Amino acid sequence: MTGVLSGFAVVWTVILVGYAVGRTGVLGPQARYVLNRLTFFVASPALLFTTLADSEPTTVLGPPLWVASISASLVAVAYFLLTRWWLRRDAPEAIMGAMSASTVNSANLGLPIAIYVLDDITQAAPIILFQLALFSPVFLALLDTTTTRRRTTPFAMAFQTLRNPMIIGSLLGLLFALLDWELPQQLADPVEIIAGASIPAMLIAFGISLVGNRPLSRAAGRRTDTIAATVLKLLVHPVLAWLLGFLVFGLEGEQLFAVVVMAALPTAQNVYVTASRYEAGVTLAKDTVLLTTIAAIPAMMLVPLLLH
C-alpha cells in the first residue's frame, strides 16, 4: 500500500510542476503542444519499444488485453444506447460521447501510472495496443460514416493505424521480443536515453493542460451527458474490469489491481481533438476530459483500499 501511495505521490508531484510551468508561462504558449508532440512522435515510441522488446509477449497479449477490450466496448455501447434512447442525441454526438466515456488516457497518464504505481510498464501496453490498433480506428470510421456519409474502407483504417508512431514502436518491440532480437549497443543506448524523456514530458504537459480549465463551465445543456460519461468512465469502467478480471479470467493480486487501475484512467485528451475535427459533441468531450482528469487520480487511489 505504501508503495502504491508513493507512486501516486510521484505522479502528482510532476503534474503539479507542470501546472506551475503552465501558470507561469516559462515555456511559452506552445509548451503543451510541443511536449505532447515530443512524447507522441519520439519519446513514447522509443519507451514502448525498449519496454516490449524486453517483455514476455504472452503477458502483453494475455487476459489484460481482453479485459481492456471487453470492458471498454461494454462502456461505449452502454453510453451510446443511453444517449440515443433516453436523451435522444443524434448519432455523431452519441458516438463521440461513447468514445469519451470509454477511451482512457493510456499514454500521457497510463504509462506514468504503470511505472510508478504498478511498477511494470508492460501493464499499460495491452490497452495502448487495443485503443490505437482497433478502438480508435473504429470510432473514426463510425464518425466518418455518420458525419460525411463516406465509408472508411478496412484498408484505409489499417493504413492509418499502422502510421501511428506508438503502434510502430509497440509492434517493433513485440517483434524483437518474439524473435529474441537485440539492438546493437550503439543504437540501444540512444534509444533508451530518448525513451527516458517520455514520462516527465508527458506529466508536465498533463499538468499544463489543467491550467485555466473549469469542467462543466460550458456544458450548454449537456451536463447530463457529461455526468453520465464521467460516471461510466470512473466508476462503471473499473467495476466492469474487476468483474471481468476476477470472475471471467481469474486474475488476482497485482494483475487484478493493474487492470482495474488502467480502466480507471481518465478520458484521453485526444478525444477532444477528435470531437473538434468532426464538429460533434465538442462541449461534451472537452468537459468529460476535464472532469475525469481532475477526479481520476483521487478515484484511482481508492482502488488499492477496496482490493486489499
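Worth saying up front: this structure is predicted, and the values here are computed from it rather than measured.
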Problem set entry | Common cluster, V248/W66, ILVMFWY with side-chain heavy-atom separation under 4.5 Å | yes
For this session: Would you indicate whether the side-chain heavy atoms of I70 and L74 approach each other to under 4.5 Å?
Result: yes
Problem set entry | Distance-minimising heavy-atom pair for V75 and A101 | CG1-O, 3.3 Å
Exercise. Sub-3.5 Å donor-acceptor pair from the side chain of T103 to the main-chain atoms of S100, do we have one?
Worked result: no
Exercise. Is L87 reachable from I227 through a run of I, L, V, M, F, W or Y residues, each pair having side-chain heavy atoms under 4.5 Å apart?
Worked result: no
Exercise. Between CG of L284 and CE of M99, what distance do you get to the nearest 0.5 Å?
Worked result: 12.0 Å
Exercise. Does I199 reach the side chain of L47, with side-chain heavy atoms less than 4.5 Å apart?
Worked result: yes
Exercise. Does the R84 side chain pair with the main chain of R89, one donor and one acceptor, at a distance under 3.5 Å?
Worked result: yes
Problem set entry | Contact check, side chains of F80 and L142, non-hydrogen atoms, under 4.5 Å | no
Problem set entry | Side chain proximity check, M96 to V271, heavy atoms < 4.5 angstrom | yes
For this session: Tell me yes or no: between the side chains of S44 and S198, is some donor less than 3.5 Å from an acceptor?
Result: yes
Exercise. I128 versus L111: any side-chain heavy-atom pair under 4.5 Å?
Worked result: yes
Exercise. Would you say L187 and L175 are hydrophobically clustered, going by side-chain heavy atoms of ILVMFWY under 4.5 Å?
Worked result: yes
Problem set entry | Which atom of T83 lies closest to which atom of A94, heavy atoms considered | OG1-CB, 3.5 Å
Problem set entry | F249 atom CZ: more than 12 heavy-atom contacts under 6.0 Å | yes
For this session: Just jot down the ring pair (Phe, Tyr, Trp, His ring centres under 6.0 Å) partners of Y19, sequence neighbours excluded, or say none.
Result: none
Exercise. Would you call the rings of F139 and F135 parallel, tilted or perpendicular if under 30° counts as parallel and over 60° as perpendicular?
Worked result: perpendicular
Exercise. Is the shortest heavy-atom distance from the side chain of K233 to the side chain of V104 under 4.5 Å?
Worked result: yes
Exercise. Is V34 reachable from F41 through a run of I, L, V, M, F, W or Y residues, each pair having side-chain heavy atoms under 4.5 Å apart?
Worked result: no
For this session: Work out which heavy atom in A197 is nearest to a heavy atom in A43; give both atom names and the distance.
Result: C-CB, 4.1 Å
Seminar exercise, completed: Closest heavy-atom pair, L251 versus Q255, reported as atoms and distance to 0.1 Å, is CD2-OE1, 3.5 Å
For this session: Say whether I127 and L244 are linked into one hydrophobic cluster, either directly or through other cluster members, by side-chain heavy-atom distances under 4.5 angstrom.
Result: yes
Problem set entry | side chain to side chain contact (heavy atoms under 4.5 Å, CB included) against A228, all qualifying residues, sequence neighbours excluded | Y79, L82
Problem set entry | For the student: nearest non-hydrogen atoms of S106 and A124, plus distance | O-CB, 4.4 Å
Exercise. How close do I208 and A31 get, heavy atom to heavy atom, and via which atoms?
Worked result: CD1-CB, 4.0 Å
Exercise. Is it the case that more than 12 heavy atoms not belonging to D119 sit under 6.0 Å from its CG atom?
Worked result: no
Exercise. So V236 and L240, side-chain contact (heavy atoms from CB on, under 4.5 Å) or not? Walk me through it.
Worked result: CA-CA 6 Å; V236 177; L240 284 174; 3.9 Å; yes
Exercise. For T288, does its backbone N or O pair with a side-chain atom of T226 as donor and acceptor, under 3.5 Å?
Worked result: no
Exercise. After noting the C-alpha distance and the side-chain angles of T39 and L35, does the key distance pass the side-chain contact (heavy atoms from CB on, under 4.5 Å) rule?
Worked result: CA-CA 6 Å; T39 59; L35 288 173; 5.6 Å; no
Exercise. Do Q123 side-chain atoms and M262 backbone N/O form a donor-acceptor pair below 3.5 Å?
Worked result: no
Problem set entry | From OG (S71) to CZ (F130), nearest 0.5 Å | 7.5 Å
Seminar exercise, completed: By ring pair (Phe, Tyr, Trp, His ring centres under 6.0 Å), W86 pairs with (sequence neighbours left out) none
Exercise. Where the side chain of T292 meets the backbone of T267, is there a donor-acceptor pair that is under 3.5 Å apart?
Worked result: yes
